[in-house]
Amino acid sequence: MRIRTHTNPLSCIKHFEKLDAVSVFSKFNGKIDFEVGFGQSSFIINHALENNDQLVVGIDVRKKTVDLMQERVNQNNIKNIYLTHGNGSVCLAEMFENESLDNIFIFHPDPWRKARHHKRRLINQDFLAIVQTKLKKDGKVYVSTDVDFLWLEIVQTFDANAKFTRFEDSEFWTNYYQTRWNEISKEKNRQTFFATFCLKNKF
Ligand SMILES: C[S@@+](CC[C@H](N)C(=O)[O-])C[C@H]1O[C@@H](n2cnc3c(N)ncnc32)[C@H](O)[C@@H]1O
């Protein structure tokens, strides 16, 4: 099935009901992770299988991508994944209670290279303001990209925000992190940039 390469997240005007985690996943243990832009990567499936008593929520702005991933979830009879379609930023703001998320994963967000498309990039100060309210006190944000100018912008955005600091998690990046886009980057010998961020003074 052909999937459009890029879909403008700002043209997606869908709104979201508050998530009722227990009705979505009856064995819910109180932990929720959220992946924005899972694409065709298996990360969300593997992560849910590894953590089968917590809820893993995923969103992608491309509807066909969500439908394909939902088929895989159903085929594997995975009960602790909840997928939805739309803009990850709006979803984060509307769907989750404050201080409810353990981890947010953002792997290889679309770079939107042209200056006139700059607003479509996910990680900016407005987004971090929402992230800050939705993360639990010890929650973390995992971010990767293979686009150097985008990485610079992402790091500058986090660094300019007094609420966030870096969190060392080499175990995750060395032994756990694997996405479809990261595989493509490796095949093409592109460098992947990555980091984990957490809230300051929350430990
Ligand atoms: C380059 S792909 C990376 C897919 C996957 N994370 C990986 O590493 O293989 C980026 C994905 O993020 C989705 N995306 C981009 N901006 C988004 C947004 N604001 N909200 C939800 N999904 C978004 C795109 O539709 C696409 O599927």
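We count ligands from 1, going down the list as the structure has it; atoms in each ligand are counted the same way. Just the heavy atoms: all of them, side chains too, but no hydrogens, waters or symmetry mates, feed the values below.
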[X] with [Y]: basic N within carboxylate O range, under 4.0 Å:
X: Glu183; Y: Arg180; value: no
X: Lys27; Y: Asp53; value: no
X: Arg121; Y: Glu153; value: yes

Which atoms from ligand 1 have a heavy atom of [X] less than 4.0 Å away?
X: Leu122; answer: 19 (N)
X: Gly86; answer: 20 (N), 21 (C)
X: Ser41; answer: 5 (C), 7 (C), 9 (O)
X: Gly88; answer: 18 (C), 19 (N), 20 (N), 21 (C)
X: Arg180; answer: 9 (O)
X: Trp181; answer: 1 (C), 7 (C), 8 (O), 9 (O)

Do any N or O atoms from the side chain of [X] and from the backbone of [Y] form a donor-acceptor pair under 3.5 angstrom?
X: Asn103; Y: Asp33; result: no
X: Lys140; Y: Ile104; result: no
X: Asn29; Y: Lys31; result: yes
X: Ser185; Y: Trp181; result: yes

Original post:
At a non-hydrogen distance cut-off of under 4.0 Å, which region of Phe43 contacts ligand 1 (side chain, backbone, both, or neither)?
Top reply: neither
Polar contact flag for [X] and ligand 1 (N/O pairs, less than 3.5 Å):
X: Arg62; value: yes
X: His108; value: no
X: Pro109; value: no
X: Val36; value: no

Original post:
Which one of Thr179, Asp60, Leu92 has a non-hydrogen atom at the shortest distance from atom 13 (C) of ligand 1?
Top reply: Asp60
Original post:
Do Thr192 and Asp146 get their side chains close enough for a donor-acceptor pair, meaning under 3.5 Å?
Top reply: no
Original post:
Non-hydrogen atoms of Asp110 versus ligand 1: any pair closer than 4.0 Å?
Top reply: yes
Original post:
Would you call the rings of Phe105 and Phe172 parallel, tilted or perpendicular, where under 30° means parallel and over 60° means perpendicular?
Top reply: parallel
